[in-house]
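What follows is one structure encoded as structure tokens, with my remarks underneath.
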Amino acid sequence: MSEVAGFSLAPLLVPDIVDQEGRGRWAVAGGDQYEVINVTDEISSSLPTDLQLQLAAVKAEMQSVINPVTGELEKLSRILASLPAVAALRHIHNRLAKAPFSTNVDDLLDHEMMTLAFVVAYCRVIEGGNGSSGVGRRQIPNHLRQAHQDIIDARNQRYAHNDGHYSVDGSMIIDFVRGEFKVSVQSRMGYYVRGANEWRDLVDLVEALTIERIQKQLAKLKLKTRREWSFASGPAPEWAEQREDEAAKE
């Protein structure tokens, strides 16, 4: 059974202002202007009796709607749990795509660091976990499947394990100088400068599939409960807005 630990109080009551001593004033909302606050059982027990009764009625109504769709809500919760990983994937790719690149050792290692982060973040999202279904190969368009497989191979053979990935090579060199052995190593590390061209399309795909799953789950909840369901979202971060502007120019 799903438990409603807190629920939206609007438009019954809204916080008006907090004075310098930290004491809060409460005001009844008027018209369409109101704030949404979260009301826990501890808070509601301190309210006047008439408000407690109103809140209890709201909570009972919510619970009666939610209880029969516990399974659907659990599925939605698992999908939503993947959103931080999807957001991290987008952010990492955005940073990698704009990273400076040169033969300077610091720039090379920064590129290695961000590529590693991207590969791990991508595989984390597509493989799911904790009940999340991830992204199956059949959901990836044919023209992106090789890039998708390249990322998985890099994770398995280069980053998660030192398993002979073609992009990395290290050879031991032994010199014999004046009766003394000198050992050194010659390393070769390959990179996609600022990431492969297909990586942005893969990130776009992962985001689109995640949002599509959320919307489908909300549609199921609407059908089963005969109530409106929507997903609350805030403004996009600045780097995401820049990405949309760049896509529009293309």
Side-chain angles (χ1 to χ4, degrees), residues 77-141 143-170 185-214 233-247 249-250:
S77 178
R78 289 194 292 267
I79 298 171
L80 295 178
S82 70
L83 286 179
V86 175
L89 176 64
R90 168 63 74 187
H91 182 69
I92 292 167
H93 179 264
N94 183 69
R95 293 290 296 273
L96 176 60
K98 297 178 180 178
F101 186 84
S102 69
T103 56
N104 179 284
V105 174
D106 285 342
D107 284 348
L108 289 171
L109 292 179
D110 281 347
H111 228 71
E112 169 76 348
M113 174 181 65
M114 285 185 281
T115 301
L116 182 154
F118 176 82
V119 168
V120 172
Y122 179 81
C123 291
R124 177 187 176 194
V125 171
I126 64 157
E127 292 181 359
N130 193 29
S132 178
S133 57
V135 179
R137 181 178 174 83
R138 289 182 296 180
Q139 295 174 287
I140 299 173
H143 70 284
L144 294 177
R145 287 186 180 179
Q146 186 57 56
H148 164 82
Q149 189 59 47
D150 287 345
I151 296 174
I152 295 176
D153 290 343
R155 191 280 304 270
N156 292 338
Q157 300 171 10
R158 175 168 172 169
Y159 294 113
H161 308 281
N162 189 11
D163 196 21
H165 192 263
Y166 70 89
S167 64
V168 181
D169 181 37
V185 61
Q186 184 177 28
S187 298
R188 179 182 62 86
M189 302 176 69
Y191 296 93
Y192 285 112
V193 178
R194 300 186 180 92
N197 294 334
E198 297 86 357
W199 288 3
R200 187 174 71 179
D201 292 336
L202 285 170
V203 175
D204 290 344
L205 175 67
V206 167
E207 283 186 343
L209 288 173
T210 302
I211 297 302
E212 180 183 352
R213 286 173 176 170
I214 292 172
S233 59
E238 182 178 349
W239 54 263
E241 293 178 348
Q242 292 174 351
R243 163 71 184 91
E244 292 179 357
D245 292 340
E246 292 171 1
K249 292 178 181 179
E250 296 174 0

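Just so it is clear, the model here is predicted, and its values are computed rather than measured. Reckoned from all heavy atoms, side chains included, excluding hydrogens, waters and symmetry mates.
Closest of all the heavy-atom pairs between I92 and A117 is CD1-O, 3.8 Å. Nearest heavy atom pair, residue V206 against residue I126, reads CG2-CG2, 4.4 Å. Nearest heavy-atom pair, H111 versus G195, reported as atom, atom and distance to 0.1 Å: NE2-N, 4.5 Å. Pairing each heavy atom of A99 with each of R194, the nearest pair is O-NE, 2.8 Å. Summarising the geometry of H148 relative to L202, their closest heavy-atom pair is N-CD1, 3.9 Å, with the distance given to 0.1 Å.
Here the CG-OG distance, from L89 to S82, works out to 11.0 Å after rounding to the nearest 0.5 Å. Atom OG1 in T210 sits 6.5 Å away from atom CG in L83 (nearest 0.5 Å). Distance check: N156 CG to Q149 CD gives 8.5 Å after rounding to the nearest 0.5 Å. Annotation: the span from E127 atom CD to R155 atom CZ amounts to 4.5 Å, rounded to 0.5 Å. Taking CG of L108 as the reference point, atom OG1 of T103 lies at 7.0 Å (rounded to 0.5 Å). Atom CZ of residue R200 and atom CG of residue N94 lie 10.5 Å apart, to the nearest 0.5 angstrom.
Two residues are said to be in side-chain contact when any heavy atoms from C-beta on lie closer than 4.5 Å; P141 and D201 fail this criterion. Between M113 and L109 there is no side-chain heavy-atom pair separated by less than 4.5 Å.
A centroid separation of 6.0 Å or more is found between the aromatic rings of W199 and Y122.
A salt bridge links D204 with R90; the closest basic N to acidic carboxylate O contact falls under 4.0 Å.
When atom types are taken as modelled, the side chain of R145 and the backbone of I140 share a donor-acceptor pair closer than 3.5 angstrom. For T115 (side chain) and E112 (main-chain N/O), no donor-acceptor pair under 3.5 Å exists by modelled atom type.
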I'd like to know whether I151 forms a side-chain contact (heavy atoms from CB on, under 4.5 Å) with C123, so could you lay out the CA-CA distance, the side-chain angles of the two residues, the decisive distance to 0.1 Å, and finally the verdict.
CA-CA 8 Å; I151 296 174; C123 291; 4.2 Å; yes
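In summary, of the residues considered (L96, N197, D150), a side chain to side chain contact (heavy atoms under 4.5 Å, CB included) with Y192 occurs for D150 alone.
For S102, the side-chain contact (heavy atoms from CB on, under 4.5 Å) partners are N104, D107, not counting sequence neighbours.
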